[in-house]
Peer 1: 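Take a look at this one; I'll ask things after.
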Amino acid sequence: MSNKPKYYALIEFPYPSGNGLHMGHTRPYTAMDIIARKRRMEGYDVLFPVGWDAFGLPTENFAIKNHVHPKAVTAKNIEHFREQAKSLLYSFDWDREVNTTDPDYYKWTQWIFLQMFKHGLAYKTKMPVNWCTSCKCVLANEEVVDGVCERCGSEVVRKEKSQWMLKITAYAERLINDLDEVDFIERVKTQQKNWIGRSTGAEVDFQLTANGEQLTVYTTRPDTLFGATYMVVAPEHEIISKIRDKIENIAELDAYIVSASKKSDFERGELNKDKTGVELKGVKAINPVTGDEIPIFTADYVLSTYGTGAIMAVPGHDERDWEFATKFGLPIVEVIAGGNVKEEAFSGDGLAINSGFLNGLRVKEAKSKMIEWLTSKGIGHEKVNYKLRDWVFSRQRYWGEPIPIVHCEHCGYVPLDESELPLLLPEVESYETTDTGESPLSAIDEWVNVKCPKCGGPAKRETDTMPQWAGSSWYYLRYMSPNYDKALVDPDALKYWGQVDWYNGGMEHTTLHLLYSRFWYKFLYDIGVVPFKEPYAKRTSQGMILGEDGQKMSKSRGNVLDPEEVIAQYGADTLRLYIMFIGDFEQTANWNSNAVKGCKRFLDRIGALAAKPLLSKSECEASVNKTIKKVGDDIEQLKFNTAIAAMMALLNELTEKGASKEDLRALLAILCPFAPQTTQELWSRLRFSGEAAKQSWPNYDPAKLVESEKTLAVQVGGKLRSTIVMPADAPDDDIVKTALNDEKIAKIAEGKTLIKSIVVKNKLVNLIFK
RNA sequence: GCCGAUGUGGCGGAAUAGGCAGACGCCCGGGACUUAAAAUCCCGUGUGAGGUAACUCACGUACCGGUUCGACCCCGGUCAUCGGCACCA
């Protein structure tokens with residue numbers, strides 16, 4: 001903590017896998033290292049930390065296979081990562097390392113969980129979950145990709161299990177709205193918004209003809225209520241049991257429900273072209289605006305987890321309802337003019353027809369009028385829904401933070417007293433999940449059986465552990481005061497470091513880590529632990545590095561390139577330069593072994609230049625000045641590739657014209673964040689004082705950016721025909737006159753009259769002849 | 001299907017407040033140095049045509065069209081590739 005302005009630059013801390021740091025790490029890490037180094041040169045007090053996201057499955061699986069403790073595996077992997085990071089010359093604050101598996105760390109992860117529990121944001125519930133058949137573990141929705149486990153690629157099935165959940169949905173609205181307050185790149189914002197999936201509509205009650213029951217639906221198109229000709233409920237919907245005695249075809253219905261329950265969410269989605277369903281015969285619903293009795297179906301295209309699990313079907317104006325209605329011969333009523341509902345559903349805008357008091361209104365007006373009407377009659381109201389679901393927070397594995405909850409027969413779920421934290425992960429004989437799908441912790445009787453903290457009666461510990469995302473949801477706070485033991489972060493340190501100023505990380509974490517950690521931070525804000533609404537002021541994202549063949553680097557493809565090999569062959573500076581020069585930082589890029597040489601040559605050529613006799617007076621002052629500005633500006637915009645190109649161009653000019661001491665001093669200073677080793681070596685050889693990395697970032701002189709002479713393009717009819725040299729800011733008339741006198745232009749102009757000329761100051765003149 | 005990107009030489013990529021397309025690098029060709037090779041240095045390098053030559057002309061930023069004195073850039077449409085979401089009512 002100093003009087004200098006502070007700057008907090010953050011990378012996503014690595015999972016220390018057995019494979020070590022890979023090429024994918026070097027791009028974002030080098031980028032942020034360059035930012036951090038530049039900030040230091042600019043006089044900031046910089047926090048640029050690193051740590052280890054060390055809980056997780058690969059380590060645990062390795063431990064099971066090789067009969068070693070995950071702790072030992074983790075320690076070994078971390079050591080390897082640390083060495084690699086150092087050999088890449090990353091300027092991390094090595095005295096601030098955090099490790100999510102360290103009890104002094106996970107004590108606070110457990111503490112946050114307890115606060116969530118106390119505030120009703122952590123709850124346990126029986127629900128269908130995603131079960132990975134290979135990991136033998138529950139997965140969050142975000143961890144299921146294309147119906148398979150994100151991590152191991154094995155099949156994911158549905159299973160009923162009692163699970164700890166975190167109520168992220170309670171923060172859905174703020175997680176969307178507060179994106180307006182932060183500087184995140186647009187695609188991150190859009191992706192988070194789409195994932196949260198906010199939609200505005202209405203809930204509407206439909207009376208049933210049986211048992212005095214009613215059915216509430218959610219719809220985004222209340223304006224089409226007059227066209228609702230049937231209803232559909234999800235196979236899991238509770239209404240089925242409530243009116244069971246009135247249903248005439250109960251056997252048929254039960255068979256359908258059983259078959260639906262056997263399908264995974266993914267399978268249900270896969271079969272989306274062919275709609276299936278069964279009518280609940282003997283019971284009807286009443287359309288509240290038409291008074292018509294309409295049939296009720298159950299079909300698995302309606303999801304129990306969204307809205308109310310029931311819909312009003314408007315086949316005229318919803319594609320899925322249209323398909324279902326066509327297959328089952330149900331009436332299709334047109335209530336918005338503009339399409340041909342006999343041919344296909346019409347979901348566009350138009351005027352309401354066949355809709356009583358809505359007739360003649362456009363969709364938007366009709367919506368609000370209908371909501372107004374429903375509200376006044378007490379049978380409906382406006383409603384916002386989200387696609388986001390609550391976060392499944394239990395894992396049936398060993399290598400994670402134990403959940404600090406005890407279950408007592410009398411008192412229910414009872415939180416451990418905070419003084420008992422950390423709840424240590426006990427030693428076990430086997431790390432393998434039990435055959436019943438329980439965590440290995442469940443096998444340790446003396447750990448499981450405890451006294452209830454509330455009533456003292458017999459109770460059992462929770463044996464599930466937290467998912468890997470827990471520790472990473474708040475690690476950036478711990479860096480501010482890694483050894484503080486009275487709270488998760490020292491309030492003074494927090495006050496000093498504030499928000500993360502710049503956080504760069506992968507797009508693949510947009511709907512996982514980035515969303516989760518924003519959620520945790522908002523919760524900590526609500527309970528007064530942190531002072532801002534958002535943890536990260538700025539978020540950027542790098543593109544992927546692919547193999548030489550344009551494919552994702554993977555062992556099975558055999559196209560993996562180890563950073564260590566490149567360092568051994570060319571040195572760390574060359575790797576750093578090339579990974580930045582490879583292309584647009586935000587775009588995917590293919591590795592090219594040949595192109596690496598260019599960066600190596602660049603560094604060698606600077607060395608050669610520095611070894612030559614120096615000029616006493618600079619011949620390239622203007623170019624040096626311009627390059628300082630360009631490199632500085634480009635770094636801020638993550639345009640490292642053009643920053644390097646500009647330095648290469650400057651070197652070409654210096655090589656041609658000769659370099660002065662000051663030319664070299666400036667070039668080495670702006671190159672230093674990219675290639676710290678080479679620049680320091682040359683800095684010493686040139687007997688410059690101090691360290692290259694500790695120089696001030698060079699200033700450029702704005703006055704010297706102005707050139708006294710300009711080369712202007714001369715166009716005829718928009719096509720380049722010649723160039724002329726003019727004093728800067730020459731009057732338009734002079735420019736046109738000079739252009740017309742130009743030999744080439746005069747030739748073209750022969751026998752023609754000039755009818756128009758356009759002059760763009762200091763750039764070009766365009767002449768139109770007739 | 002929806003959302004978000006992207007499409008430029010042999011290759012990676014530059015250039016958007018609409019103003020000299022191809023910066024920088026790789027590859028490739030020619031030359032110098034060397035007994036030779038590597039390394040290094042110098043020259044050339046978008047395509048086509050013409051000229052002994054300095055050069056000149058035409059074409060050219062996925063495709064079709066438009067706006068403009070002028071379009072890689074803006075507008076309308078089409079195609080392709082990549083990423084995300086996907087029966088979300």
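Atoms considered below: every heavy atom in the structure, side chains included; atoms not considered: hydrogens, waters and symmetry mates. Proteins get letters first, then strands, A, B, ... in listed order; numbering begins at 1 in each. Since the model is a prediction, treat every value here as computed from it, not as a measurement.
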Peer 1: Quick check: on RNA chain B, is the nucleotide nearest A/Q191 upstream (toward 5') of the one nearest A/I311, or the reverse? Name the residue that is more 5'.
Peer 2: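 Here A/Q191 is the residue nearer the 5' end.
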Peer 1: Tell me what A/D584 touches on the nucleic acid: a base, only sugar-phosphate, or nothing, going by heavy atoms under 4.0 Å.
Peer 2: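 Touches sugar-phosphate only.
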Peer 1: Please check if the side chain of A/S541 supplies one atom and the backbone of A/M507 the other of a donor-acceptor pair under 3.5 Å.
Peer 2: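 It does hold such a pair.
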Peer 1: The side chain of A/T190 lies closest to which of these nucleotides: B/rC3, B/rA23, B/rC69?
Peer 2: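 When the side chain of A/T190 is considered, B/rC3 is the closest of B/rC3, B/rA23, B/rC69.
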Peer 1: Would you say a side-chain N or O of A/K387 is under 4.0 Å from OP1 or OP2 of B/rC2?
Peer 2: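 So the side chain of A/K387 is outside the cut-off, no N or O lying under 4.0 Å from OP1 or OP2 of B/rC2.
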Peer 1: Under 4.0 Å between any heavy atoms, over every strand shown, what does A/N641 touch: base, sugar-phosphate, or nothing? Just pick one.
Peer 2: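 Sugar-phosphate contact only - A/N641 comes under 4.0 Å of backbone atoms but never of a base.
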Peer 1: Can a salt bridge be assigned to the pair A/K747 and A/E743 using a cut-off of 4.0 Å between side-chain N and carboxylate O?
Peer 2: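 Looking at A/E743 together with A/K747, the answer is no, because their closest N to O distance does not fall below 4.0 Å.
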Peer 1: Looking at A/K747, I'd like to know whether one of its side-chain N or O atoms comes within less than 4.0 Å of OP1 or OP2 on B/rC55.
Peer 2: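 Result: no.
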Peer 1: Output the single nucleotide from B/rA89, B/rC20, B/rC27 whose closest atom is nearest the side chain of A/K597.
Peer 2: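 In terms of side-chain proximity for A/K597, the closest of B/rA89, B/rC20, B/rC27 is B/rC27.
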Peer 1: P atom, B/rC59 versus B/rC64: distance in rounded Å?
Peer 2: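 About 15 Å, rounded to a whole number of Å.
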Peer 1: Expressed in whole Å, how much space separates the C1' atoms belonging to B/rC72 and B/rA21?
Peer 2: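 Nearest-Å result for B/rC72 against B/rA21 at atom C1': 8 Å.
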Peer 1: Which dot-bracket string describes RNA chain B (Watson-Crick N1-N3 plus N6-O4 or O6-N4, or G-U N1-O2 and O6-N3, all under 3.5 Å; [ ] crossing; | other strand)?
Peer 2: (((((((..(((......[....))).(((((.......))))).(((((....)))))..(((((..]....))))))))))))....
Peer 1: Quick one: salt bridge (Lys or Arg N to Asp or Glu O under 4.0 Å) partners of A/K167, sequence neighbours excluded?
Peer 2: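 Per chain and number, A/K167 pairs via salt bridge (Lys or Arg N to Asp or Glu O under 4.0 Å) with no residue.
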Peer 1: Could you work out the separation of B/rC82 and B/rG29 based on their C1' atoms and round it to a whole Å?
Peer 2: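 So the two C1' atoms sit 36 Å from each other.
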Peer 1: Using a 4.5 Å cut-off on heavy atoms from C-beta on, say whether the side chain of A/P731 contacts that of A/D734.
Peer 2: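 Yes, side chains in contact.
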Peer 1: Reckon A/K600 touches a base, only the sugar-phosphate, or nothing at all at heavy-atom distances under 4.0 Å?
Peer 2: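 Since no nucleic acid heavy atom lies under 4.0 Å of A/K600, the category is nothing.
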Peer 1: Among B/rC59, B/rA89, B/rC69, which nucleotide has an atom closest to any side-chain atom of A/I768?
Peer 2: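 Ranking B/rC59, B/rA89, B/rC69 by closest atom to the A/I768 side chain puts B/rC69 first.
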Peer 1: So, does A/R601 get its side chain near the phosphate of B/rU40, meaning an N or O under 4.0 Å from OP1 or OP2?
Peer 2: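 Yes, within the criterion.
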Peer 1: Could you tell me how far apart A/M648 (CE) and B/rC24 (P) are, to the nearest whole angstrom?
Peer 2: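 Whole-Å distance recorded here is 11 Å.
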Peer 1: In whole Å, I'd like the distance from the CZ atom of A/R389 to the P atom of B/rC85.
Peer 2: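 Between P of B/rC85 and CZ of A/R389: 13 Å.
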Peer 1: Name the one of A/I644, A/I582, A/T30 that satisfies side chain to side chain contact (heavy atoms under 4.5 Å, CB included) with A/L577?
Peer 2: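 Filter result, single survivor: A/I644.
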Peer 1: For B/rC20 and A/R721 - does any side-chain N or O of the residue sit under 4.0 Å from the phosphate oxygens OP1/OP2?
Peer 2: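 The answer is no; no side-chain N or O of A/R721 sits under 4.0 Å from OP1 or OP2.
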Peer 1: Given the structure, check if the side chain of A/K763 and the base of B/rC20 hold any donor-acceptor pair shorter than 3.5 Å.
Peer 2: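 Not at all, since no donor on one side and acceptor on the other fall under 3.5 Å apart.
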Peer 1: Please pick, from B/rC20, B/rU56, B/rA89, the nucleotide with the shortest atom-to-atom distance to any side-chain atom of A/A713.
Peer 2: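 So the side chain of A/A713 is nearest to B/rC20.
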Peer 1: Quick check on B/rA89: is either OP1 or OP2 less than 4.0 Å from any side-chain nitrogen or oxygen of A/S199?
Peer 2: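 Checking A/S199 against B/rA89: at least one side-chain N or O falls below 4.0 Å of OP1 or OP2.
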Peer 1: Using whole Å, report how far NZ of A/K327 lies from P of B/rC87.
Peer 2: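 Distance, rounded to whole Å: 17 Å.
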Peer 1: Considering only heavy atoms and no angle criterion, is a donor-acceptor pair shorter than 3.5 Å present between the side chain of A/N766 and the base of B/rC69?
Peer 2: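 A donor-acceptor contact between them is present.
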Peer 1: Are the side chain of A/D390 and the backbone N or O of A/I168 linked by a donor-acceptor pair below 3.5 Å?
Peer 2: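 Indeed, once roles are kept as given, a pair shorter than 3.5 Å links the two residues.
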Peer 1: Where the side chain of A/I758 is defined as all heavy atoms beyond and including C-beta, which of B/rC87, B/rC69, B/rU56 is the nearest nucleotide?
Peer 2: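 Nearest nucleotide to the side chain: B/rC69.
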Peer 1: Please state the C1' separation for the pair B/rA37 and B/rA53 - nearest whole angstrom.
Peer 2: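 Each nucleotide's C1' atom is 38 Å from the other's.
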Peer 1: Would you find a donor on one side and an acceptor on the other, under 3.5 Å apart, between the side chain of A/Y218 and the backbone of A/G309?
Peer 2: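 Checking the backbone N and O of A/G309 against the side chain of A/Y218, no donor-acceptor pair under 3.5 Å is found.
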Peer 1: Taking B/rA62 as the reference, what is the distance to B/rU8 when you measure between their C1' atoms (whole Å, please)?
Peer 2: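 After rounding to an integer number of Å, I get 10 Å for this pair.
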Peer 1: Could you state the CG-P distance from A/L515 to B/rC85, rounded to the nearest angstrom?
Peer 2: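 Roughly 13 Å, once rounded to whole Å.
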Peer 1: What nucleotide, of B/rC87, B/rA14, B/rC41, holds the atom closest to the side chain of A/R605?
Peer 2: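 My answer, after comparing the listed nucleotides, is B/rC41.
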Peer 1: Any base atoms under 4.0 Å from A/K761, or only sugar-phosphate, or nothing? Heavy atoms, all strands.
Peer 2: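 Touches nothing.
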Peer 1: Tell me the interatomic distance from A/K552, atom NZ, to B/rU81, atom P, rounded to whole angstroms.
Peer 2: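 Atom-to-atom, A/K552 to B/rU81, this comes out as 19 Å.
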Peer 1: What interatomic distance, in whole Å, is found between P of B/rA15 and the corresponding atom of B/rU52?
Peer 2: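 Rounded to whole Å, the distance is 41 Å.
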Peer 1: Indicate the ring-plane relationship of A/F324 and A/Y301, choosing parallel, tilted or perpendicular according to the 30° and 60° boundaries.
Peer 2: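 A/F324 vs A/Y301 ring planes: tilted.
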Peer 1: Using the side-chain heavy atoms of A/L720, tell me which of these nucleotides is nearest: B/rA21, B/rA89, B/rC3.
Peer 2: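 Selected nucleotide (nearest to the side chain): B/rA21.
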Peer 1: State whether A/K193 places a side-chain N or O below 4.0 Å from either non-bridging phosphate oxygen (OP1 or OP2) of B/rC85.
Peer 2: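 For A/K193, the contact criterion (side-chain N or O under 4.0 Å from OP1 or OP2 of B/rC85) is not met.
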Peer 1: To the nearest Å, how far apart are A/M580 CE and B/rG25 P?
Peer 2: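 The answer, rounded to whole Å, is 19 Å.
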Peer 1: Using atom NZ of A/K626 as one end and atom C1' of B/rA23 as the other, report the distance to the nearest whole Å.
Peer 2: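 Checked: the NZ to C1' distance equals 11 Å.
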Peer 1: Who passes salt bridge (Lys or Arg N to Asp or Glu O under 4.0 Å) against A/R685, sequence neighbours left out?
Peer 2: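 Expected list: A/E681.
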Peer 1: May I ask you to say what A/Q587 touches in the nucleic acid, namely base, sugar-phosphate or nothing, with a heavy-atom cut-off under 4.0 Å?
Peer 2: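 Sugar-phosphate, no base atom in range.
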Peer 1: Is it true that a side-chain atom of A/R576 and a backbone atom of A/T26 form a donor plus acceptor pair closer than 3.5 Å?
Peer 2: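 Side chain of A/R576 to backbone of A/T26, a donor-acceptor pair under 3.5 Å: no, none is there.
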Peer 1: For A/F581, report the nucleic acid contact type (base, sugar-phosphate, nothing); a contact means any heavy atom under 4.0 Å.
Peer 2: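 If one applies the 4.0 Å heavy-atom cut-off, A/F581 turns out to touch a base.
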Peer 1: Checking A/E12 side chain against A/G506 main chain: does a donor-acceptor pair fall under 3.5 Å?
Peer 2: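 Flag set: sc A/E12 to bb A/G506 pair under 3.5 Å.
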Peer 1: Quick one: label A/L767 by what it contacts on the DNA or RNA (base, sugar-phosphate, nothing), any heavy atom closer than 4.0 Å.
Peer 2: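 If one applies the 4.0 Å heavy-atom cut-off, A/L767 turns out to touch nothing in the nucleic acid.
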Peer 1: Between A/G583 and A/V596, which has a closest nucleotide on RNA chain B that is more 5'?
Peer 2: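 Its nearest nucleotide being more 5', the pick is A/G583.
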Peer 1: With P as the reference atom in both, quote the distance from B/rG18 to B/rA23 in angstrom, rounded to an integer.
Peer 2: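 Approximately 23 Å lies between the P atom of B/rG18 and that of B/rA23.
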Peer 1: What is the distance, rounded to the nearest whole Å, between atom CE of A/M544 and atom C1' of B/rG4?
Peer 2: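 Nearest whole value for this atom pair: 15 Å.
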Peer 1: Which part of the nucleic acid does A/N652 contact within heavy-atom distance under 4.0 Å: base, sugar-phosphate only, or nothing?
Peer 2: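 It contacts sugar-phosphate atoms only.
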Peer 1: When you compare B/rG48 with B/rC42, how far apart are their C1' atoms, in angstrom units rounded to a whole number?
Peer 2: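 Rounded to whole Å, the distance is 29 Å.
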Peer 1: Glycosidic conformation of B/rG48, syn or anti, with 90° from 0 as the boundary?
Peer 2: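 Base orientation relative to the sugar is anti.
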